[in-house]
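Take a look at the structure set out below.
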Number of protein chains: 2
Amino acid sequence: MTSAGTPAHGTRHGRTGRPRSAEADRAILDATRDALVELGWSKLTLGDVAARAGVAKTTLYRRWAGKNELVVDAVAALFDEHLELPDRGGLQADVEGVVRQFAALLERPETKTALMAVVAESTRDPALRERIRTAIVDRQKALVLLGRERAQARGELPVETDPAAAARTADLIFDVIAGAVVHRTLVSAEPVDGAWARSFAALLVGGLTAGA
Amino acid sequence: MTSAGTPAHGTRHGRTGRPRSAEADRAILDATRDALVELGWSKLTLGDVAARAGVAKTTLYRRWAGKNELVVDAVAALFDEHLELPDRGGLQADVEGVVRQFAALLERPETKTALMAVVAESTRDPALRERIRTAIVDRQKALVLLGRERAQARGELPVETDPAAAARTADLIFDVIAGAVVHRTLVSAEPVDGAWARSFAALLVGGLTAGA
DNA sequence: GGCTTTCGCTACGAGCCGTAGCGTAACTGG
DNA sequence: CCAGTTACGCTACGGCTCGTAGCGAAAGCC
């Protein structure tokens, strides 16, 4: 819904006039991902994207405010397609699964070069940060919340009664999981293999169940 | 040593001729940090930095290959000045301390906008990644190694006999700590306050001591 | 058929990049 | 002290990207 074509604000079509080509949206986002793979974030230009998409540069500017917004949407589509949380039967296995899924996304050259770049930009652009949050971050966080519910249903995690405290804990877990995977992949530049995912999941689950 | 003025490779001065002005190095790096604060990463231009530093643009290009390298050095100097690990008497307190120190660095507008930007660039530039590693990452990792040694001396952590396994564990801890702080600060865009640092440290220490 | 909006196209000023070329300044070795 | 070497400030330049404007044509709604 949110990620796919939908341009900047709320898609203020008046209901009259020539409608925007949905195929152009698709072509532009595809071209953006291709350009990210070939050129990387810094050398990607909107003129090049337009040419790849077979679309006039002006068309691109009518839908997206700039490079940042375009790339967020292009990358968010990948998160939509590849993030899910099948029940693997236990908390540690669920953590391992989500870690490997997220890592697989980050190993892609498109996301590798783009994700941290737009996050860096978002530190000076609240609107962009909000766009990243709704298009990418909230989807990831939903997996954390789902995983916790399951773990609580299994009796692996205690149920926190105070909703504020529960929210803080969920945020903490989210930052630890996502942060560790991002740091491992982009800063340490080491692959997230099975052994690492297992060690990390064991560490996290151990920490979560130690206090209880 | 590494971070301060020293330009790109090994500073190939022949021993003759006019020496490079050390003051110019300082002025350029200061100007770079100022420009980062005022303009942010994306709007920072080398021409502007040169003007601020009172230096010709050509001088700047003689010492640094480009924006990426310059900013890495400018930011690395901050890490040199503000990262240390006083013995706080216990593992959890040590973790809390390093978390708050790193968070304080990341709250600065210079580092906030610059650090992830150069990391994003480094995904397509091995030389840049190496520069980041030696100038920033290795310094952080040294704190982790020191903290572990102390904890082992106190008997809070087991001594791993296999050196390869010990290295893997240290890397894991490092990615978890640094990653969580970065993610909290830049992606979630929430402050690392005392409560968060305490919760995180408790989670990590709990996980590290759970298996033993 | 008239109204509205999007489309592709071309063209443009503006800004930044990275380099070249020059004359001058600073330091070293003979 | 002088010749050699290197860094410096300054100016100028071609090349690229940006983001916008203006046009006629196309594609829908009433």
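Since this is a predicted model, take the numbers as computed values, not measurements. Proteins get letters first, then strands, A, B, ... in listed order; numbering begins at 1 in each.
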Sequence neighbours excluded, the answer for ring-ring contact (aromatic ring centres under 6.0 Å, His included) partners of B/F102 is none
Let me check something: any side-chain donor-acceptor pairs from residues 176-191 of chain A under 3.5 Å, sequence neighbours excluded? List them with distances.
unit_1 : atom_1 : unit_2 : atom_2 : d
A/H183 : ND1    : B/D175 : OD1    : 2.7
A/R184 : NE     : A/P191 : O      : 3.1
A/R184 : NH2    : A/P191 : O      : 3.1
A/T185 : OG1    : A/V181 : O      : 2.8
A/S188 : OG     : B/D175 : OD1    : 2.7

May I ask you to evaluate whether A/T58 reaches the phosphate of C/dG8, defined as a side-chain N or O under 4.0 Å from OP1 or OP2? no
To the nearest Å, how far apart are B/K57 NZ and C/dC16 P? 9 Å
Partners of B/E149 by salt bridge (charged side-chain N to carboxylate O under 4.0 Å, His left out), sequence neighbours excluded? none
Keeping to residues at least two apart or across chains, list the salt bridge (charged side-chain N to carboxylate O under 4.0 Å, His left out) pairs with something in residues 36-48 of chain A. A/E38-A/R52, A/D48-A/R52
Which pairs with one or both residues in residues 103-112 of chain A pass salt bridge (charged side-chain N to carboxylate O under 4.0 Å, His left out), sequence neighbours excluded? A/E107-A/K112, A/R108-A/E110
Holding to side chain to side chain contact (heavy atoms under 4.5 Å, CB included), I want the full list of residues that pass it with A/A165, two or more places apart in sequence or in another chain. A/E160, A/D162, A/R168
Could you pull out all residues at least two apart from B/K57 that satisfy salt bridge (charged side-chain N to carboxylate O under 4.0 Å, His left out)? none
Qualifying residues under salt bridge (charged side-chain N to carboxylate O under 4.0 Å, His left out), relative to A/R133, sequence neighbours excluded: A/E130, A/D138
Please list, in numerical order, the residues of residues 113-127 of chain B that have a heavy atom closer than 4.0 Å to any atom of DNA chain C. none
Residue-level proximity of residues 41-56 of chain A to DNA chain D when a heavy atom falls under 4.0 Å: A/T45, A/L46, A/G47
Could you work out, with side chain to side chain contact (heavy atoms under 4.5 Å, CB included) as the rule, every residue matching A/A167, not counting sequence neighbours? none
What N/O pairs connect the protein and nucleotides 25-30 of chain C at under 3.5 Å? Give each pair on its own line.
unit_1 : atom_1 : unit_2 : atom_2 : d
C/dA25 : N3     : B/R18  : NH1    : 3.1
C/dA26 : O4'    : B/R18  : NE     : 3.4

